[in-house]
Each structure stands twice: as C-alpha cells, then as structure tokens.
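Below: one structure, written as structure tokens.
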Amino acid sequence: RRRAGYPGLLPHACGASGGGMSRVANAPPPRWFAICADRRGVAAIEFAIAAPIVILLLRTLFEMGFLLTGGIVVEAGDRSAGRYGITGAAVVGKTRNEIIRDIIVGHVCPSALPANSSNLCFWKSNAGQPLDISTRAYTDPRNVGQPEPFSDLPPENGVYDAGEVFVDVNGNQRWDPDMGVASAGGAGDVVVYEVTMLQAIHSPLLRIAVGGNAFSHRANLVVRNEPF
C-alpha cells in the first residue's frame with residue numbers, strides 16, 4: 001500500500017528499485033521520499049538552466065541582424081560614393097577622394113564624422129584599419145583588373161620578374177598586377193570602387209561560426225564617369 005499523504009508516488013521514486021521497498025501502512029516515510037514529493041523551487045531551477053541558453057540564442061540572432069545590416073550599409077555607402085564620383089563635382093577645401101570617403105563613412109559609421117551627432121557605428125573600433133576604400137580608374141574598360149603589359153624574358157614563366165621591361169600604365173614607376181590608377185578618374189573613365197569594412201562579433205556562437213572575432217564586409221562597384 002502507498003502511504004496516505006503521498007499519492008501517486010511509487011516505491012521506485014527517485015530511482016530506487018521496487019524490490020524490497022514495500023512499506024508498512026503506518027510506518028513513517030523515509031526522508032528521501034519526502035524530498036521527492038516536494039515540488040517547491042522546481043520552476044526556479046528550470047529557469048536557471050534554460051535562461052542562459054535562451055539569452056545566448058537571442059543575443060546571437062540579434063547580432064546576426066546587426067551583421068546583415070552592416071553589409072547593407074557598406075553596399076549603400078559604396079553606391080552613394082559612386083553616384084557622387086561619376087559627376088566629377090568638387091568641394092572647396094577637399095579632394096574628391098576625401099569627399100568619397102566621407103560619404104561612405106556617413107553610411108557605415110556616422111559617429112566618426114565631426115558634424116554628426118549619431119552614436120551609430122558598424123565597424124570594429126579597435127581594429128587598426130576597420131575601413132578600407134579603394135578607387136581605381138581605367139581609360140579602357142577592357143583593362144579592368146588586368147596587369148600592366150611586360151616583356152616575358154627567358155625562361156618565359158608567364159609572370160613578371162624583376163628587370164623585365166614593362167609599360168607603366170598608371171605612372172607609379174613600378175610594375176603592378178592591376179594597371180588601374182588610384183583615383184576617382186577623369187571624364188569618361190571607368191572606375192572601380194571597392195570598400196572593405198571589419199565588423200566586430202561579440203556572440204560566442206558567431207565567433208565559432210566565422211572563425212574569429214570580426215567579420216569582413218566587402219562591396220564592389222564599377223561605374224563610368226560622366227563627360228564632366
């Protein structure tokens with residue numbers, strides 16, 4: 001018989017086997033029997049176990065959204081810079097490249113601009129170079145991404161070796177694997193805009209997924225300047 005006052009509890013409660021555990025009707029229950037019957041504090045224990053996991057997952061989802069937003073603003077800044085760059089417009093006291101950089105920074109880290117009161121910033125603040133902006137101009141679209149021509153001397157290995165004669169297309173006095181000129185280009189030039197930004201990752205799960213504490217966003221845009 002089960003003792004009155006402990007309904008529904010079998011002799012094997014708390015993992016004990018049924019063998020040899022029969023009770024006399026009026027005998028007092030053992031201490032472990034009373035502990036098993038006490039349900040007070042169970043909700044608190046369950047919350048203590050589940051809460052860290054739920055919080056970690058929510059934090060990971062929130063940070064994934066922030067990373068996706070970081071990629072969007074990098075692409076938006078690249079497009080805005082390209083739209084300005086094709087016009088050839090100039091501002092007194094600033095070069096075109098300085099203005100292009102300000103446009104991109106205004107998208108990815110408004111708080112870095114002196115005249116902006118926003119606290120929003122997507123890049124990794126403690127990185128040595130969180131934002132890299134590259135503009136390369138070409139007079140011929142067929143030259144985009146192409147190396148400067150050179151005379152391949154014996155043993156004719158197909159790669160440029162020191163001392164070989166080359167055509168210095170971009171005028172920097174050295175051979176380059178990309179003949180683009182580092183500028184926003186002149187009228188009618190084809191210009192490649194490339195923006196790279198490092199964004200910090202704080203979630204442990206995302207750090208494991210990407211293999212580091214920062215994610216690199218990259219956006220590329222190719223435009224042709226107007227005949228300004």
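All values derive from a computational prediction rather than experimental measurement.
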Applying the 4.5 Å side-chain criterion to the ILVMFWY set and letting contacts propagate, would I103 and V91 be lumped into a single cluster? yes

What residues join V54 in its hydrophobic cluster, counting side-chain heavy atom gaps under 4.5 Å, either direct or through other members? L58

Between Y193 and V223, is a side-chain contact (heavy atoms from CB on, under 4.5 Å) present by the stated rule, with each step listed? CA-CA 8 Å; Y193 291 79; V223 298; 3.5 Å; yes

Rounded to the nearest 0.5 Å, how far does SG of C109 lie from NZ of K124? 13.5 Å

Linked, directly or transitively: L221 and I86 (ILVMFWY side chains, under 4.5 Å): yes

Considering only residues two or more places apart or on different chains, which pairs with a residue in residues 197-228 satisfy ring pair (Phe, Tyr, Trp, His ring centres under 6.0 Å)? F215-H217

Can you measure from CG (L198) to CZ (R218) and round to the nearest 0.5 angstrom? 10.5 Å

Contacts of type side-chain contact (heavy atoms from CB on, under 4.5 Å), residue V159, not counting sequence neighbours: N157, D161

Look at the side-chain heavy atoms of Ile, Leu, Val, Met, Phe, Trp and Tyr, link any pair under 4.5 Å apart, and say whether V105 and I72 land in one connected group. no

How is the hydrophobic cluster of L56 composed, in terms of its other members, when Ile, Leu, Val, Met, Phe, Trp and Tyr link through side-chain heavy atoms under 4.5 Å apart, directly or indirectly? I53, L57, L205

Sub-4.5 Å side-chain heavy-atom contact between V222 and V191: no

Minimum heavy-atom distance R224-G188, with the two atoms named: NH1-O, 3.1 Å

Enumerate the residue pairs fulfilling side-chain hydrogen bond (donor to acceptor under 3.5 Å, both in side chains) with a member in residues 67-81, sequence neighbours excluded, ordered by first and then second residue. S80-R83, S80-H107

Path from V195 to V190 over hydrophobic side-chain contacts below 4.5 Å: no

Smallest separation among heavy atoms of R142 and Q146, with atom names: O-CG, 3.5 Å

Would you mind writing out the side-chain donor-acceptor pairs for residues 179-187 within the sub-3.5 Å range, not counting sequence neighbours?
{"residue": "S183", "atom": "OG", "partner": "G185", "partner atom": "N", "Å": "3.1"}

Side-chain heavy atoms of N143 within contact of D140, under 4.5 Å: yes

Not counting sequence neighbours, list each pair that qualifies as a salt bridge (charged side-chain N to carboxylate O under 4.0 Å, His left out) and has a residue in residues 164-186. R136-D178, R174-D176

With sequence neighbours excluded, tell me which residues meet side-chain contact (heavy atoms from CB on, under 4.5 Å) with L206. T60, E63, M64, L67, I201, S203

Side-chain contact, heavy-atom cut-off 4.5 Å: I100 with Y84? yes

Can any side-chain N or O of D152 pair as donor or acceptor with the backbone N or O of G158 at less than 3.5 Å? yes

Shortest non-hydrogen contact from P110 toward G106: CG-O, 3.4 Å

Share the residues that join W175 in a hydrophobic cluster, the rule being Ile, Leu, Val, Met, Phe, Trp or Tyr side chains under 4.5 Å apart at the heavy-atom level. F150, Y160, F166

Ring pair (Phe, Tyr, Trp, His ring centres under 6.0 Å): pairs with one or both residues in residues 57-78, sequence neighbours excluded: F66-F122

Output every pair passing side-chain hydrogen bond (donor to acceptor under 3.5 Å, both in side chains) with a member in residues 206-216, not counting sequence neighbours, ordered by first then second residue. none

What's the shortest heavy-atom distance between I49 and P52, and which atoms? O-CD, 3.6 Å

Test I133 against every option in T196, I104, N97 by the side chain to side chain contact (heavy atoms under 4.5 Å, CB included) rule and name the one that passes. I104

Output every pair passing salt bridge (charged side-chain N to carboxylate O under 4.0 Å, His left out) with a member in residues 88-103, not counting sequence neighbours, ordered by first then second residue. K94-D102

Check L131 against M197 and note the closest heavy-atom contact, atom names and distance. CD1-CB, 4.0 Å

For a quick test of reading the model, state the closest non-hydrogen atom pair linking G85 to N225 and the distance between them. O-OD1, 3.6 Å

